[in-house]
Amino acid sequence: LREYEIMKNENKTSNTLLKYLLITLLICCIISGITGIIIGCIRNSGKKSSEDSKGNGNGYNEAAASTEDPQATTEMTTELTTEATTEVTTEEEVDPVIVVLDPGHDSEYCTRNHPQLGMNEQDLNLTIALACRDRLEQYKGIKVYMTREDGSCPDPEDKGDKCIEVRTGIATDLNADLFVAIHCNGSTGVLGDSPEGCEVYVPNYSAYTEDMTKLGNIIGNNLSSMDIKFNGVKVRTKAEKGVYDDGSTQDWYYLISYSVEGGHPGIIIEHAYMDNTHDNEILKDENNLKKMGELDADAIAEYYGLELKQ
């Protein structure tokens, strides 16, 4: 019996030791697991910090790139600059200022020949307009169109009977920002007449008058640098034509009234008097005509805030 008791006590002691051993092993496993989790978190935190210092898909750290890869900054900067340039260019191409230049008259049906003055107005107008176009195309953010680029009439179908409608209609179809009729003036057609100088006619329409007056003043002031008297910006109306939708009396010149009805401003630049002795001498020089066109262009560019291309 005593031996049985001894064996019983030994088995009890063994079971207790085994229980403690199992508990110890379980605690070690738990501690090991917790330690692994902590180490994993620390590693992930370090990895994330490293990635943030280099930049993710939404940003760029120039300092880190400069330290790790000297070419990285240059390459990324070039890429960003190219993208920015593309965006600006696209914006300019999408929404440019559209200007239609109309060299008055033509050599077919709407001629204004003045042999006694030594010039034909349609030729003077074309030379001025072409120079204006060439100068405007040196600016960014603008598209220039011409109603004619030679002596031909823009209205061959009706032999000039609807020439004004066709000219202004080109601007209307293009949804132009500005229609510019380029002309030279005359009084009686006899050389030696007293009227001289340039003047700009603008619409008598509330949405356009003020702004076009500003443009007209810039044009006139530019032309006055050529020793041409600036007679000012003018509005000429004709009551018999009725009124516009704003209640204003319509303009005398159909080049302007058709432009207003087409939804865009139209102006007429009378550059100088062909029959005035002083102005006539200026108009006979082709270089002066080209200079007039360039000054017109610079005035338009100034009004719209355009910059020259690089």
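Within the 4.5 Å cutoff, the side chain of Phe230 has no heavy atoms near those of the Ile219 side chain. When side chains are defined from C-beta on, Met212 does not count as touching Ile256, because their heavy atoms never get closer than 4.5 Å. Leu308 places a side-chain heavy atom less than 4.5 Å from the side chain of Arg135. For the pair Thr209/Thr213, a side-chain contact is recorded, criterion being any heavy-atom separation below 4.5 Å from C-beta on. The side-chain heavy atoms of Ser259 and Pro265, taken from C-beta on, include no pair separated by under 4.5 Å.
In the hydrophobic cluster analysis, where Ile, Leu, Val, Met, Phe, Trp and Tyr join through side-chain heavy atoms closer than 4.5 angstrom, Leu178 is grouped together with Val200. There is a path of hydrophobic side-chain contacts, each under 4.5 Å, that joins Met226 to Met119. A continuous path of hydrophobic side-chain contacts links Leu215 to Val235 [ILVMFWY only; heavy atoms under 4.5 Å]. One hydrophobic cluster holds both Leu126 and Ile282 under the rule that ILVMFWY side chains link at heavy-atom gaps under 4.5 Å. Phe179 is connected to Tyr145 through a chain of hydrophobic side-chain contacts under 4.5 Å among Ile, Leu, Val, Met, Phe, Trp and Tyr, so both are in one cluster.
Contact detail for Ile228 and Met292: the closest heavy-atom pair is CD1-CE, 3.4 Å. Between Ala181 and Leu255, the closest heavy-atom pair is CB-CD1, 3.8 Å. What you find for Gly104 and Arg148 is that their closest heavy atoms are O-NH2, 3.2 Å. Nearest heavy atom pair, residue Leu306 against residue Gly141, reads CD2-O, 4.0 Å. Nearest heavy atom pair, residue Asp161 against residue Asp155, reads N-OD2, 3.4 Å. Contact detail for Glu302 and Ile218: the closest heavy-atom pair is OE1-CG2, 3.6 Å.
Not a single donor-acceptor pair under 3.5 Å links the side chain of His271 to the backbone N or O of Asn185. Side chain of Asp150 to backbone of Ser152: a donor-acceptor contact under 3.5 angstrom is found. Side-chain atoms of Ser225 do not come within 3.5 Å of backbone N or O of Asn221 as any donor-acceptor pair. Without hydrogens or angle criteria, Asn125 side chain to Cys184 main chain gives a donor-acceptor distance under 3.5 Å. Judged purely by atom type and a 3.5 angstrom limit, Asp296 has no side-chain atom pairing as donor or acceptor with the backbone of Cys132. Asp177 contributes no side-chain N or O that, together with a main-chain N or O of Val99, makes up a donor-acceptor pair within less than 3.5 Å. Asn276 places a side-chain N or O within donor-acceptor distance of the main-chain N or O of Asp193, the cut-off being under 3.5 Å. Between the Arg167 side chain and the Pro103 main chain, a donor and an acceptor come within less than 3.5 Å of each other. Judged purely by atom type and a 3.5 angstrom limit, Asp275 uses its side chain to pair as donor or acceptor with the backbone of Ser187. Looking only at distances, no side-chain donor or acceptor of Asp279 sits under 3.5 Å from a matching main-chain atom of Ala272.
Under the side-chain contact (heavy atoms from CB on, under 4.5 Å) rule, Val180 has a single partner from Ile269, Val100, Asp102, which is Ile269.
Every residue two or more places apart in sequence or in another chain that forms a ring-ring contact (aromatic ring centres under 6.0 Å, His included) with Tyr253 is listed here: Tyr201. For Tyr139, the ring-ring contact (aromatic ring centres under 6.0 Å, His included) test picks out no residue, with sequence neighbours left out. Tyr205 pairs by the ring-ring contact (aromatic ring centres under 6.0 Å, His included) definition with Tyr208, Tyr244, not counting sequence neighbours.
Interatomic distance, NZ of Lys284 versus CG of Leu117, reported as 8.5 Å (0.5 Å rounding). If you take OH on Tyr258 and CD on Gln250, they are separated by 9.0 Å, rounding to the nearest 0.5 Å. Note that CD of Glu307 is 4.5 Å distant from NZ of Lys140, once rounded to the nearest 0.5 Å. Atom OG of Ser107 sits about 7.5 Å away from atom CG of Asn120, to the nearest 0.5 Å. With values rounded to the nearest 0.5 angstrom, Ile267 atom CD1 is found 6.5 Å from Ile300 atom CD1. Interatomic distance, Asp123 CG to Leu283 CG, rounded to the nearest 0.5 Å: 12.5 Å.
For the residue pair His114/Glu121, the side-chain donor-acceptor check at 3.5 Å is not satisfied.
Look at Lys290 and Glu294 and you find no salt bridge, because none of the NZ, NE, NH1 or NH2 atoms lies under 4.0 Å from a carboxylate O.
Counting non-hydrogen atoms of other residues, nucleotides and ligands closer than 6.0 Å to NZ of Lys162 gives a total of 12 or fewer. Around the CG atom of Asp246, the shell of radius 6.0 Å holds more than 12 heavy atoms that belong to other residues, nucleotides or ligands.
Because its NZ or CZ atom is both nearer than 6.0 Å to the ring centre of Tyr254 and within 45° of the ring axis, Lys241 counts as a cation-pi partner of that residue.
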Thr172 and His264: side-chain hydrogen bond (donor to acceptor under 3.5 Å, both in side chains), yes or no, with the steps? CA-CA 7 Å; Thr172 301; His264 55 83; 3.1 Å; yes
Discussion item. Working note: Glu149 + Arg133, criterion side-chain contact (heavy atoms from CB on, under 4.5 Å); need CA distance, chi angles, decisive distance, verdict.
Written reply: CA-CA 10 Å; Glu149 295 182 320; Arg133 178 201 63 187; 2.9 Å; yes
Carefully, step by step, assess Gln122 and Asn113 under the rule side-chain hydrogen bond (donor to acceptor under 3.5 Å, both in side chains).
-> CA-CA 8 Å; Gln122 63 269 14; Asn113 298 322; 2.7 Å; yes
Requested in this report: Under the side-chain contact (heavy atoms from CB on, under 4.5 Å) rule, what do Lys159 and Cys153 come out as? Steps first, then yes or no, please.
Outcome: CA-CA 8 Å; Lys159 297 184 178 181; Cys153 177; over 6 Å; no
